[in-house]
Protein chains: 2
Amino acid sequence: MVQSKTDLFDEELKTQAAWFKVLAHPARLKILQYLSEANSCITGDLSEELPLGRTTVNQHIKELKEAGLIQGHIEGVRTKYCLNPKKITEVKAIIEQFLTSLNVGDYECKS
Amino acid sequence: MVQSKTDLFDEELKTQAAWFKVLAHPARLKILQYLSEANSCITGDLSEELPLGRTTVNQHIKELKEAGLIQGHIEGVRTKYCLNPKKITEVKAIIEQFLTSLNVGDYECKS
DNA sequence: TTATTTTGACGTATATTTGCGTCAAAATAA
DNA sequence: TTATTTTGACGCAAATATACGTCAAAATAA
């Protein structure tokens, strides 16, 4: 039997790994970058910017929304997508935290 | 039909996403941290440090090895595991690069 | 009113990841 | 020589992730 054993790790490690996972697909990175470059809320079919179908892109958008990295609000027929700057900053800090913990300044590796 | 369409993205995005993926599991983060804290090569059964079976841990070690983040060299019956400081530094830079590209300093989000 | 546009919800098929059992190879110990 | 220890290779089963088609709801346009 195979059950998910990820629960059995430290809360901190789980959080860090979860955020890495959210960023582990080029489509999601692209969406974030696109919204960042636009520097404001964007409306319209984001799938035209990526080499994927609309439904698939929407699914990635949904994931990013559930993770809190982007926000959407309805405007008539359309939906406007935005980054959530606060959350982005938060996640950056979490990732930095892990990278910093991997201190290899004076690592001894005699091989 | 579902084929992997990840090829269709920029080389840079693919690389960044791939590195996030390598780090997207708490077991792999834990292994890296453990080796980092030890601050030198380690021998013995790493699985005793994690809530997973030996084979599973070995698989995660294998992934990290294939990604180049850790090295192993045989010493009699045992294998000594090390971080690869050079690669770690390299990956840190790649991740920083993406995080920096997500510039939200003056993000306009009127919602 | 009846189209049309835009988007989310749902289902489905395939691909990949995760977790582990089992076996075999290689080095040592007895 | 024959155990024993340690590890990697292989394969399986369950869980997740990817990609997308189809449909329906909601707002607008005609």
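Numbers restart at 1 for each chain; the letters A, B, ... are given by sequence-line order, proteins then strands.
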Nearest-nucleotide wise, let me know which of Q59(B) and I61(A) is further upstream toward the 5' end of DNA chain C.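 Between the two, 5'-proximity favours I61(A).
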Would you kindly give the [atom1]-to-[atom2] distance between [X] and [N], to the nearest whole Å?
{"X": "E66(B)", "N": "dT16(C)", "atom1": "CD", "atom2": "P", "answer": "15 Å"}
{"X": "K80(A)", "N": "dT7(C)", "atom1": "NZ", "atom2": "P", "answer": "12 Å"}
{"X": "E48(B)", "N": "dT7(D)", "atom1": "CD", "atom2": "P", "answer": "10 Å"}
{"X": "K62(A)", "N": "dA19(D)", "atom1": "NZ", "atom2": "P", "answer": "16 Å"}
{"X": "E63(B)", "N": "dG19(C)", "atom1": "CD", "atom2": "C1'", "answer": "12 Å"}
{"X": "L52(B)", "N": "dT18(C)", "atom1": "CG", "atom2": "P", "answer": "11 Å"}

Stretch residues 13-22 of chain B: residues that reach within less than 4.0 Å of DNA chain D through a heavy atom: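 Residues of residues 13-22 of chain B that come under 4.0 Å of DNA chain D do not exist, since none gets that close.
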With nearest nucleotide decided by heavy atoms, which residue, A27(A) or R78(B), maps closer to the 5′ end of DNA chain D?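 So the residue in question is R78(B).
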Contact letters for nucleotides 21-30 of chain D, in which S counts primed atoms plus P, OP1 and OP2 and B counts the base, heavy atoms under 4.0 Å: BB----SS--
Under the ring pair (Phe, Tyr, Trp, His ring centres under 6.0 Å) rule, what pairs show up with a residue in residues 85-105 of chain B, not counting sequence neighbours?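 Output for this query lists F20(B)-F98(B).
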Set of side chain to side chain donor-acceptor pair (under 3.5 Å) partners for E90(B), sequence neighbours left out: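 In terms of side chain to side chain donor-acceptor pair (under 3.5 Å), with neighbours along the sequence ignored, E90(B) is linked to no residue.
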Tell me, please, which residues at least two apart from D10(B) pass side chain to side chain donor-acceptor pair (under 3.5 Å).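 Listed in chain order: nothing, the list is empty.
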Nucleotide pairing, DNA chain C (Watson-Crick or G-U, distances under 3.5 Å), in dot-bracket with [ ] and |: ||||||||||||||||||||||||||||||
side-chain N/O Y81(B) vs dT6(D) OP1/OP2, d < 4.0 Å: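 Checking dT6(D) against Y81(B), no side-chain N or O comes under 4.0 Å of OP1 or OP2.
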